[in-house]
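Right, one structure below, let's go through it.
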2 protein chains.
Amino acid sequence: MPDLSIDVVAKAAGVHRSTVSRAFSRPEAVKSETREHILRVAEGLGYTMSPLAQALRRKTSTFIPLIVPDITNPFFAELAKTMTQAADDRGYQLLLCVTNGDPAKTDGYFTAMQAMYAPFGIVAPSTKVDTEAMKRFDFGHKVVVIDRVEGDDAVPTVTVDSRRGIKIALEHLHSLGHTSIGYVSGIAGTHTAQDRMDAYLELSAESGIAPVVLDSGSDLDAGTRGAEHYLEIDNPPTAIIAANDMVAFAVISALGQRGVRVPEDVSVIGFDGLALGARFNPPLTTVRQPIADMGHIAIELAEKQNIDGSVDHIVLEPELLVRGSTSGPRK
Amino acid sequence: MPDLSIDVVAKAAGVHRSTVSRAFSRPEAVKSETREHILRVAEGLGYTMSPLAQALRRKTSTFIPLIVPDITNPFFAELAKTMTQAADDRGYQLLLCVTNGDPAKTDGYFTAMQAMYAPFGIVAPSTKVDTEAMKRFDFGHKVVVIDRVEGDDAVPTVTVDSRRGIKIALEHLHSLGHTSIGYVSGIAGTHTAQDRMDAYLELSAESGIAPVVLDSGSDLDAGTRGAEHYLEIDNPPTAIIAANDMVAFAVISALGQRGVRVPEDVSVIGFDGLALGARFNPPLTTVRQPIADMGHIAIELAEKQNIDGSVDHIVLEPELLVRGSTSGPRK
DNA sequence: CCGATCTCAGCAATCGATCTCATACAAGGG
DNA sequence: CCCTTGTATGAGATCGATTGCTGAGATCGG
């Protein structure tokens with residue numbers, strides 16, 4: 001196949017390459033008759049503009065990186081999915097970047113994103129470290145973060161109201177009759193994880209209930225340890241809040257292996273609202289984050305900032321999703 | 001920040017830009033003394049080469065697209081994870097492309113990959129359609145497929161031996177004492193899904209057992225329907241093979257909601273070996289695919305083809321992963 | 001009928017690198 | 001001492017697009 005450059009099309013259409021360029025990217029600048037002819041010729045040749053050359057010349061592209069720590073984590077996978085959609089709804093191409101928790105890679109992606117002239121990027125951080133990496137780059141390229149960011153109001157963020165989410169979970173459990181409610185922490189390091197934990201502690205205190213933190217670890221084994229801890233307690237709670245759905249899965253699994261049944265013996269509620277939860281055994285009751293909205297909003301925020309320089313911090317409302325992992329306490 | 005082009009570095013180092021270029025990409029072509037000086041200067045300036053400009057000029061890049069139908073599916077997520085690693089072990093940058101099952105998007109990614117001068121691409125197809133899309137592009141850009149491909153030996157592939165996997169599952173179940181073993185199909189359309197189903201049917205026939213296909217549907221609800229079907233049968237099988245782990249999850253979940261317990265009432269075995277399975281309730285016994293190997297091999301195959309034009313078809317061995325979802329039949 | 005205004009398309013420089021070719025200088029052979 | 005050979009760097013065209021500037025015609029009012 002002969003390389004399809006703009007010049008080839010220009011020759012075929014009998015015009016200059018600048019005209020072809022304009023036909024594509026500035027339709028009003030070329031007589032509509034000519035334009036249509038060019039477009040037709042291009043179509044016939046199967047021509048598409050080189051995003052590379054375009055980006056190089058324009059010093060701006062439509063590549064927008066989404067930086068996530070671990071695509072294997074369904075939360076990020078769902079985020080990636082909806083963001084892909086949201087991105088190309090607006091004519092962007094999402095580039096999924098997975099750091100696997102390696103800060104060096106985050107750095108790499110940031111410089112790559114500069115080099116690719118990305119107009120902006122989205123970061124879903126696993127740790128607070130990531131946001132520090134951002135500071136090492138003086139960003140003409142803007143970034144929006146899907147999490148809360150401490151001490152740096154200059155970066156737009158979108159989060160779900162952690163406190164509200166925990167409150168919803170607590171209320172649900174209370175209404176079911178639970179009075180002793182434990183907590184298993186999720187991946188540490190993120191602000192949201194911290195916020196959820198804090199909310200649990202505060203809210204418990206407020207309602208005069210002694211908090212029972214079964215595990216505050218940072219890894220996926222928190223669930224297993226939480227379950228073990230649960231068994232060691234003399235008067236174990238009748239319900240458990242897990243910091244996120246993945247932890248909830250792990251808790252239920254570990255509990256199950258030790259003969260504790262959910263929700264018969266103990267209720268478990270998660271936080272995230274993963275689609276996967278519906279197919280868990282039992283289907284997971286959880287606090288749903290509007291993941292799809294978060295994706296769209298993140299992109300809107302980025303665009304808005306690009307245009308008028310405004311920096312917003314959007315906080316979304318979570319909602320309760322009752323499925324099968326919670327019920328009244330065993331009497 | 002002043003735009004960091006190769007010329008800036010060249011000036012700063014007091015050499016011509018060609019020398020800088022060579023210092024980076026053809027180290028042996030420049031006096032080591034000069035080279036080190038240039039590298040030092042570049043380092044100090046925080047300079048990195050523009051992958052865009054590089055690709056444009058070289059007509060080849062290190063971007064390699066991985067095209068998957070659905071990143072939300074943990075199989076593809078795990079594949080993506082290991083391939084990211086495998087890719088940049090070899091100096092490539094993996095670009096994750098999600099089609100969401102939309103063939104039009106697949107096309108889009110193919111043309112994008114041409115435009116980006118990707119040296120090759122990896123496709124993990126959801127349907128046979130994808131491979132047809134490939135034919136519409138005459139590929140100077142080569143593709144390797146993670147699946148079997150029908151009637152087109154020209155494209156390298158890597159797969160797991162489906163028949164062997166099903167056989168392993170069957171043998172495991174037999175050894176546990178099961179004689180009536182049902183099957184729930186997975187996502188249809190892929191060759192592997194077809195192969196697994198065929199293998200089940202043939203192998204059952206060979207051992208003189210009547211196959212019981214609980215569902216042969218193509219979507220994620222196959223699990224639910226399979227469970228319903230299971231309940232309607234007079235003499236239901238004592239074990240079920242699910243075409244993949246996700247379906248196994250769904251089956252177990254649906255069964256659980258209907259009061260059927262796994263493995264007490266019925267054993268269930270999956271196919272994939274997802275990490276998630278270890279945290280399911282109960283932990284899923286499954287036939288493990290060496291996903292990480294598949295990723296590495298896919299890239300090797302692509303490179304090999306690029307070099308000597310060879311087209312290989314690698315078939316990997318699956319292995320049994322016994323966890324908690326299988327046990328002897330209830331007597 | 002003429003100059004002013006407006007459209008529309010061509011020209012050429014440019015983005016940041018690569019690569020072929022040419023040049024400069026050093027070393028080695030006869 | 002001159003010519004060959006080789007090594008190390010510089011010059012400049014090029015990849016595929018964009019864009020400010022220029023000029024050719026068309027339109028229009030007086």
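Treat the numbers as computed from the prediction; the structure is a model and nothing was measured. A note on names: the letters A, B, ... follow the listed sequences, proteins ahead of strands, and every chain is numbered from 1.
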Any [X] side-chain nitrogen or oxygen under 4.0 Å from OP1 or OP2 of [N]:
X         : N       : answer
Ser18(B)  : dA17(C) : no
Gln54(A)  : dT18(D) : yes
Ser21(A)  : dT18(D) : yes
Tyr117(B) : dG16(D) : yes
Thr34(B)  : dT9(D)  : yes

Working to the nearest 0.5 angstrom, can you tell me the gap between [X] [atom1] and [Y] [atom2]?
X        : Y         : atom1 : atom2 : value
Leu79(A) : Gln289(A) : CG    : CD    : 9.5 Å
Phe76(B) : Leu96(B)  : CZ    : CG    : 11.0 Å
Cys97(B) : Tyr109(B) : SG    : OH    : 5.0 Å
Ile67(B) : Phe110(B) : CD1   : CZ    : 4.5 Å
Thr84(A) : Leu66(A)  : OG1   : CG    : 7.5 Å

_Pairs where residues 25-48 of chain B contributes a residue and the test side chain to side chain donor-acceptor pair (under 3.5 Å) is met, not counting sequence neighbours_ = none
Minimum-distance nucleotide (side-chain atoms of [X] versus [options]):
X        : options                   : answer
Leu56(A) : dC15(C), dA9(C), dT9(D)   : dC15(C)
Lys59(B) : dA17(C), dG16(D), dA11(D) : dG16(D)
His16(B) : dG12(D), dC19(C), dG16(D) : dG12(D)
Thr19(A) : dC19(C), dA17(C), dG10(C) : dG10(C)
Arg57(A) : dT18(D), dC8(C), dA17(C)  : dT18(D)
Tyr47(A) : dA17(D), dT18(C), dA17(C) : dA17(D)

*When the nearest nucleotide of DNA chain C is assigned to Arg17(A) and to Ala29(A) on a heavy-atom basis, which residue is associated with the more 5' position?*
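Nearer the 5' end of the strand: Ala29(A).
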*Nearest nucleotide by nearest heavy atom, which residue falls closer to the 5' end of DNA chain C, Arg22(B) or Met49(B)?*
Met49(B)
*asked:* Would the base of dC15(C) count as contacting Ser5(B) through its side chain, where contact means a donor and an acceptor less than 3.5 Å apart?
replied: no
*Run the ring-centre check on Tyr92(A) versus Phe120(A) and record whether the distance is less than 6.0 Å.*
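Aromatic pair counts; centres sit under 6.0 Å.
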*Taking for each residue the nucleotide of DNA chain D with the nearest heavy atom, is it Arg58(B) or Val30(B) whose nucleotide lies nearer the 5' end?*
Val30(B)
*Considering the terminal five base pairs at each end of the helix from dC1(C)-dG30(D) to dG30(C)-dC1(D), what angle separates the two local helix axes, rounded to 10°?*
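The angle, to the nearest 10 degrees, is 50°.
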I need the [atom1]-[atom2] distance between [X] and [N], as an integer number of Å.
X        : N       : atom1 : atom2 : value
Lys31(A) : dA24(D) : NZ    : P     : 17 Å
Ile38(A) : dA17(D) : CD1   : C1'   : 14 Å
Arg35(B) : dT7(D)  : CZ    : P     : 17 Å
Leu52(A) : dA17(C) : CG    : C1'   : 11 Å
Glu36(B) : dA8(D)  : CD    : P     : 14 Å
Arg26(A) : dC8(C)  : CZ    : C1'   : 12 Å
Glu33(B) : dA8(D)  : CD    : P     : 11 Å
Ile6(B)  : dA11(D) : CD1   : C1'   : 14 Å

*Is any side-chain heavy atom of Lys81(A) less than 4.5 Å from a side-chain heavy atom of Asp70(B)?*
yes
_Sorted by number, the residues of residues 7-15 of chain B with heavy-atom contact under 4.0 Å to DNA chain C_ = none
*Is there a side-chain contact (heavy atoms from CB on, under 4.5 Å) between Met294(B) and Ile146(B) once you walk through the steps?*
CA-CA 8 Å; Met294(B) 297 174 80; Ile146(B) 300 203; 3.6 Å; yes
*Of the non-hydrogen atoms in Val311(B) and Val155(B), which two are nearest, and what is the gap between them?*
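Heavy atoms only, the tightest pair is CG1-C, 3.7 Å.
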*Of all the heavy-atom pairs spanning Ile71(A) and Ala80(B), show the shortest one and how long it is.*
CG2-CB, 4.3 Å
